[in-house]
Amino acid sequence: MNTTPQPDPKDRPARLTVGVVGAGRVGPALAASLQLAGHRPVAVSGVSDASRRRAAALLPDVPLVAPAEVLQRAELVLLTVPDDALPGLVTGLAETGAVRPGQLLVHTSGRYGARVLDPALRAGALPLALHPAMTFTGTPVDVQRLAGCSFGVTAPEELRLAAEALVIEMGGEPEWIAEERRPLYHAALALGANHLVTLVAQSMELLRTAGVEAPDRMLGPLLGAALDNALRSGDAALTGPVARGDAGTVAAHIEELRAHAPQAVAGYVAMARATADRALDHGLLKAELAEDLLGVLADGTGSGATGGPHGTTGGPAPTDGGDGGGTTGTDRTDGTDGTTGTDGTTGTDGTTGTDRTTDTDGIDGTEGDAR
């Protein structure tokens with residue numbers, strides 16, 4: 001966590017005027033944080049009612065103007081738009097002459113590095129990619145959450161210190177990400193944060209179906225412990241029926257899911273395969289138990305389970321399992337050893353569009369979150 005003492009903004013003049021293009025969840029929060037560090041927000045663009053409310057809450061008295069006018073007024077411009085909208089926005093601003101030489105142009109997309117800003121660079125702008133690995137709510141609490149938040153930083157080498165300084169001023173921790181590694185970095189955050197939300201939501205729905213009146217209260221301690229264990233111990237934290245090789249239990253799970261939540265079967269099987277792969281690789285799942293387990297998962301129905309401790313006698317499925325990188329047993333539903341949500345990172349990858357509401361990976365877009 002960043003422990004560097006921060007100067008009192010009252011003891012120094014504002015150094016940069018700040019503008020925001022895209023008043024989604026992230027942009028106003030970052031601008032408000034920069035304001036606390038002594039900079040001065042001067043303009044924000046937003047179209048929807050929700051974006052205007054966010055801007056008013058986090059940046060009171062800052063005028064709402066068109067994107068081109070934001071660039072005209074500000075020395076430091078935050079482009080907080082959805083990933084897919086960013087290249088077109090940058091090209092349009094450059095081609096219309098809105099970009100000014102010497103202007104700091106910062107985008108907050110996790111997917112892209114600094115090269116997406118090349119059209120603005122050719123117009124004389126200074127390009128920075130600063131991606132907060134945090135989930136955003138669109139409320140003032142977001143400013144507090146930036147304290148100690150990691151930022152994925154990519155910039156030309158000569159601007160590296162400036163980029164890292166801005167992150168530190170917002171209370172964050174800069175983490176340098178090479179340009180070519182940005183998509184992988186972003187995929188990792190999405191895998192942990194976005195998929196965690198889906199898994200937890202599915203688990204809560206299933207618990208309600210099973211008659212649990214307060215699934216959030218039941219899951220809270222379990223998921224908290226599982227996440228803590230995973231962050232501390234990695235794959236050594238794997239527990240549950242897959243890691244144990246309990247094929248019969250897994251088959252029963254699949255049968256119940258097919259009966260009550262068929263839409264959850266594919267996700268359960270994919271995550272179970274990934275968990276089995278990791279458990280095998282780390283010596284947690286015994287090879288002699290894996291065959292029955294992988295047979296159940298290959299079948300995908302549990303119909304071959306014999307009811308014995310290891311279920312079916314079907315042939316083994318390929319251990320690469322097709323889920324593309326599986327996390328640490330995050331989808332277990334038996335709850336016997338607390339394994340859900342173990343891969344949850346900082347919730348930093350919400351990738352919503354205009355006024356999107358997920359924002360679990362923390363990059364707000366034009367009216368939404370471009371994480």
Side-chain angles (χ1 to χ4, degrees), residues 2 4 6 15-39 41 44 58 70-71 74-83 85-87 89-90 103-118 120-121 125-136 142-143 145-179 181-183 185-186 188-189 193 345-351 359 361-366 369-371:
N2 181 24
T4 305
Q6 300 296 308
R15 288 155 298 152
L16 293 172
T17 53
V18 179
V20 178
V21 176
R25 297 184 177 191
V26 173
L30 297 187
S33 182
L34 287 167
Q35 185 174 35
L36 291 175
H39 300 286
V44 59
L58 288 163
V70 173
L71 271 71
E75 298 163 312
L76 166 62
V77 178
L78 303 174
L79 303 179
T80 51
V81 301
D83 291 355
L86 182 61
L89 172 66
V90 174
Q103 191 168 47
L104 283 165
L105 214 56
V106 177
H107 80 71
T108 56
S109 167
R111 170 185 170 186
Y112 292 109
R115 288 178 193 154
V116 72
L117 299 173
D118 277 354
L121 174 64
L126 306 178
L128 308 176
L130 307 180
H131 174 253
M134 177 53 61
T135 183
F136 287 79
D142 295 333
V143 179
R145 287 180 173 176
L146 289 174
C149 167
S150 291
F151 279 67
V153 176
T154 306
E157 187 62 36
E158 60 271 22
L159 296 176
R160 178 168 178 165
L161 291 179
E164 292 176 345
L166 285 173
V167 170
I168 291 171
E169 285 190 318
M170 288 185 282
E173 295 282 354
E175 183 73 34
W176 187 257
I177 307 295
E179 180 81 30
R181 295 297 187 186
R182 292 289 288 206
Y185 152 80
H186 194 229
L189 294 179
T345 59
T346 55
T348 67
D349 220 27
T351 57
D359 192 27
D361 61 324
I363 325 231
D364 208 320
T366 65
D369 311 314
R371 180 71 181 277

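Hydrogens, waters and symmetry mates are skipped; everything else that's a heavy atom, side chains included, is used. Note that the coordinates shown come from a computational prediction; the quantities given were computed from them, not determined experimentally.
- Every residue two or more places apart in sequence or in another chain that forms a side-chain hydrogen bond (donor to acceptor under 3.5 Å, both in side chains) with E75 is listed here: T17.
- Between the side chain of Q103 and the backbone N or O of L71, at least one donor-acceptor pair lies under 3.5 Å.
- D83 and Y112 get closest at one heavy-atom pair: O-CE1, 3.3 Å.
- For L121, the side chain to side chain contact (heavy atoms under 4.5 Å, CB included) partners are D118, P127, not counting sequence neighbours.
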(Q) One pair to check against side-chain contact (heavy atoms from CB on, under 4.5 Å): L36 and E169. What are the steps and the verdict? (A) CA-CA 9 Å; L36 291 175; E169 285 190 318; over 6 Å; no
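- Residues satisfying the side chain to side chain contact (heavy atoms under 4.5 Å, CB included) criterion with A120, sequence neighbours excluded, are V90, V99, L105, A125.
- The two residues T80 and G22 make their nearest non-hydrogen contact at OG1-O, 2.6 Å.
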Q. Passes side-chain contact (heavy atoms from CB on, under 4.5 Å), L16 versus L104? Steps please.
A. CA-CA 10 Å; L16 293 172; L104 283 165; 4.0 Å; yes
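- Taking all atoms of both residues into account, the shortest heavy-atom contact from P28 to V20 is N-CG1, 4.3 Å.
- With sequence neighbours left out, the side-chain hydrogen bond (donor to acceptor under 3.5 Å, both in side chains) criterion links R182 to T154.
- Side chain of H186 to main chain of R181: no donor-acceptor pair is present (N/O by atom type, distance under 3.5 Å, no hydrogens or angles).
- Of all heavy-atom pairs between W176 and A155, the closest is CH2-O, 3.1 Å.
- In this structure, L76 and L166 have side chains that are in contact, with non-hydrogen atoms separated by less than 4.5 Å.
- Taking the side chain as every heavy atom from C-beta outward, I177 and F151 never approach each other to under 4.5 Å.
- Side-chain contact between M134 and V26 is absent, with no heavy atoms from C-beta onward closer than 4.5 Å.
- Contact record, H107 with G113: NE2-O, 2.7 Å, taken as the closest heavy-atom pair.
- Taking 4.5 Å as the limit, every side-chain heavy atom of M170 sits out of range of all side-chain heavy atoms of H39.
- Residue E179 qualifies as enclosed at atom CD: its count of foreign heavy atoms under 6.0 Å is above 12.
- L78 CG to L34 CG: the interatomic distance, rounded to the nearest 0.5 Å, is 6.0 Å.
- In this structure, CG on L30 lies 13.0 Å from CD on Q35, to the nearest 0.5 angstrom.
- Between V106 and V77, the closest side-chain pair of non-hydrogen atoms is not below 4.5 Å.
- Among residues two or more places apart in sequence or in another chain, the side-chain hydrogen bond (donor to acceptor under 3.5 Å, both in side chains) test is passed with R160 by E164.
- Of all the heavy atoms in V167 and P174, the pair that sits closest is CG1-N, 3.6 Å.
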